[in-house]
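Along the sequence shown, residues are numbered consecutively beginning with 1. One-based numbering, in listed order, for ligands and for the atoms of each.
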Amino acid sequence: MTERVPQTTDDAGIPAPSDQFSQSVGPNGPLLLQDHYLIQKMAHFNRERVPERVVHAKGGGAYGVLEITEDVSQYTKADLFQKGKRTDLLLRFSTVAGELGSADTARDPRGFALKFYTEQGNYDIVGNNTPIFFIRDPSKFSDFIHSQKRRADNQLRDHNMQWDFWTLQPESAHQVSFLMTDRGTPKSWRHMHGFGSHTFLWYNAAGEKFWVKYHFKTEQGVENFTAAEAKALEAQDPDLHRRDLWNAIKNGDHPSWTVNVQIMPFEDAADYRFNPFDLTKVWPHADYPEITIGRFTLNRNPENYFAEIEQAGFEPSNLVPGIGMSPDKMLQGRLFSYPDAHRYRIGPNYLQLPVNRPKSPVHSYNRDGAMAYVNGGDPVYAPNTVGGPAADPDLYKGSGYHVAGEIVRSAYQLHKEDDDFSQPRALWEKVLSHTDRANMVSNIVGHASAPEVTDDMKKRVVEYWTNIHPDLGGGVAKGLGVQS
Ligand code: NDP
Ligand code: HEM
């Protein structure tokens, strides 16, 4: 006997009249408006897409678990970071500039967005595979992204406009340096590090405060493609990274990352040699070494990409007790931007979708709105005398700090060694191998040789790299045929 399959229904659960035929007036006649089943099918199809993410549109992700192996209770009381604790998580990887169908191996930073389903609500670390970023003020973000996406007239990507923005914003030099090494074309999502990038606040049960940076070090080892390999793969398999992660997990080869932190005593920030909140800078390891606190593993693929990955909403504003914000201006801007994006892209009740819903109880006084599903009952207001949920401000004791000043529009106040070039110079001089440097030069030359890049722009490109190191500028000048 053949096994019975379930009966098709419409979305109201009503048995479907046919999987094959619309209702018509006679076999050859016109169709009928009363065919609700056909109309629901066509109308729903027209609404299948939500807008793609305005950045980081192409990606993939998986579930896993974080395990804390060291005692860091002297730094943070956050429940998920207590020794021995295991916390479920979702990690979404992405490219930044490409659209939903774009190729995974494009030269781009990679998103590294983590959502921890803690017992105190969701904690999201929405980072990249680099510890730094292109700009240090959120007011430039949309301009920056526009320059990396498409022109208004012909809807083409345009390297001239990319270099125009970068060379006018020397603060981009550190991040563009990373991008132009072979780390700009990782071999897979499994073979790259992740970073929280920003500086965050940690505070312990006694209310003592520390600044912290997260480093997630791949246990698969860092592996990259050369520019030529990455280019060839754009045509051969645009979904290479999505496929690689899916297959690895399906085959039981679970990728893992060591979780390291750099900890800065709260008081050090004021006169540290670099501005510790400037997102274009790292904290050199000699000043603040990395401390291992645990590791996480990805062990489960999503069952439904749209429901669990496309509709996932990560937000740097999801912080739990024991973790706070820093005055990093980029972080401050992002605290607003992400929940705002989700309300538009997914809907006001995006936090009720299974992938975004915390695993801890929700007792919020927010109510109703489109697609409200898990809607609280009475009382609908606070404070109240009828036993409704009440906040416990003590949970956040220690998270505050003093700030004062004139209201201004200004660059960050410089610290002793702040400038835009010394850290990328350290990367070039101290960290990159001979081969890394040669590849970096040829990657820059390849990028700035696009036909739309003007001669004048090429001179500015050479100047930009010469600021970092004369050998780097010289190599780029030679490759671009610019007299330096
Ligand atoms: P260190 O020598 O202590 O650290 C160098 C860092 O660079 C290591 O984290 C290393 O880790 C990483 N690295 C190695 N090869 C590359 C590469 N090809 N591209 C990017 N990163 C690489 O020196 P400092 O801490 O003083 O930093 C010197 C420079 O190194 C910085 O100016 C910055 O450009 C870069 N860097 C620094 C980081 C930090 O947090 N301090 C983090 C990453 C880079 P790994 O090989 O595991 O990636
Ligand atoms: C995605 C804004 C800087 C990492 C997004 C999205 C927006 C956005 C609107 C789309 C969200 C969505 O629709 O789901 C901004 C703004 C920034 C900024 C305004 C600066 C002011 C950064 C930085 C990083 C970063 C510095 C990394 C350190 C990411 C990642 C995603 C993302 C990883 C994808 C998240 C996912 O997988 O869903 N950003 N961004 N962004 N951003 Fe940013």
### Query
Does even one non-hydrogen atom of G333 get within less than 4.0 Å of ligand 2?
no
#### Entry: G127 to ligand 2, any heavy atom closer than 4.0 Å
yes
### Task
Can you pull out the closest protein heavy atom to atom 27 (C) of ligand 2? Residue, atom name and distance to 0.1 Å, please.
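Checking every protein heavy atom, the shortest distance to atom 27 (C) of ligand 2 gives N128 ND2, 3.1 Å.
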### Message
On a heavy-atom basis, which atom in S360 and which in E119 lie closest, and how many Å separate them?
### Response
CB-O, 3.4 Å
### Query
Can you name the nearest heavy-atom pair linking R107 to A227, along with the distance?
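Closest heavy-atom pair between R107 and A227: NH2-CB, 3.6 Å.
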### Task
Count the heavy atoms of every other residue, nucleotide or ligand shown that sit under 6.0 Å from NE2 of H285, and state whether that count exceeds 12.
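Yes.
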Atoms of ligand 2 less than 4.0 Å from [X] heavy atoms?
X	result
V54	9 (C)
R92	34 (C), 36 (C), 37 (O), 38 (O)
R53	12 (C), 13 (O), 14 (O), 36 (C), 38 (O)
P138	21 (C)
F112	33 (C)
S197	28 (C)
F314	36 (C), 37 (O), 38 (O)
L279	26 (C)

### Query
Taking side chain as C-beta onward, heavy atoms only, is I291 less than 4.5 Å from I263?
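They are in contact (side-chain heavy atoms under 4.5 Å apart), so the answer is yes.
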### Message
What I'd like to find out is whether the side chain of V96 reaches to under 4.5 Å of the side chain of I145, using heavy atoms alone.
### Response
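In contact.
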### Task
Dump the intermediate steps for salt bridge (Lys or Arg N to Asp or Glu O under 4.0 Å) on R345 and E52, then the final yes or no.
CA-CA 8 Å; R345 185 173 72 84; E52 65 176 40; over 6 Å; no
### Query
Is the side chain of D124 donor-acceptor paired with the backbone N or O of P316 at a distance under 3.5 Å, no angle test?
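It does not hold such a pair.
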### Query
Short question: side chain of H146, backbone of S142 - any donor-acceptor pair under 3.5 Å?
yes
### Query
Does a donor on one side chain and an acceptor on the other come within less than 3.5 Å for N304 and E308?
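There is no such pair between these side chains.
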### Query
For atom 13 (O) of ligand 2, which candidate among K140, K329, R345, Q311 holds the nearest heavy atom?
R345
#### Entry: Interatomic spacing from NZ in K416 to OH in Y272 - rounded to 0.5 Å
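The OH atom of Y272 is 9.5 Å from NZ of K416, to the nearest 0.5 Å.
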### Query
Rounded to the nearest 0.5 Å, what separation is found between the OG atom of S256 and the CG atom of L66?
12.0 Å
Inspect the contact between [Y] and [X] and indicate whether a charged nitrogen and a carboxylate oxygen are less than 4.0 angstrom apart.
X	Y	value
D88	R300	no
R273	D418	no
E234	K231	yes

### Task
Starting from atom 43 (Fe) of ligand 2, count all protein N, O or S atoms within a radius below 2.8 Å.
1
### Query
For the salt bridge (charged side-chain N to carboxylate O under 4.0 Å, His left out) test, which of K85, K83, R86 pairs with E67?
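Of the listed residues K85, K83, R86, the salt bridge (charged side-chain N to carboxylate O under 4.0 Å, His left out) partner of E67 is R86.
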Contact table, ligand 1 N/O with protein N/O, distance under 3.5 Å:
residue  : atom   : partner : partner atom : Å
ligand 1 : 3 (O)  : H285    : ND1          : 3.0
ligand 1 : 4 (O)  : H285    : ND1          : 3.1
ligand 1 : 15 (N) : R183    : NH2          : 3.2
ligand 1 : 19 (N) : R183    : NE           : 3.4
ligand 1 : 25 (O) : H285    : N            : 2.8
ligand 1 : 25 (O) : H285    : ND1          : 2.9
ligand 1 : 26 (O) : K430    : NZ           : 3.4
ligand 1 : 32 (O) : Q423    : O            : 2.9
ligand 1 : 34 (O) : H174    : NE2          : 2.7
ligand 1 : 41 (N) : W283    : O            : 3.1
ligand 1 : 41 (N) : H285    : ND1          : 3.4
ligand 1 : 46 (O) : R183    : NH2          : 3.3
ligand 1 : 47 (O) : H193    : NE2          : 2.9
ligand 1 : 47 (O) : K217    : NZ           : 3.4
ligand 1 : 48 (O) : R183    : NH1          : 2.7
ligand 1 : 48 (O) : R183    : NH2          : 3.3
ligand 1 : 48 (O) : H193    : NE2          : 3.1

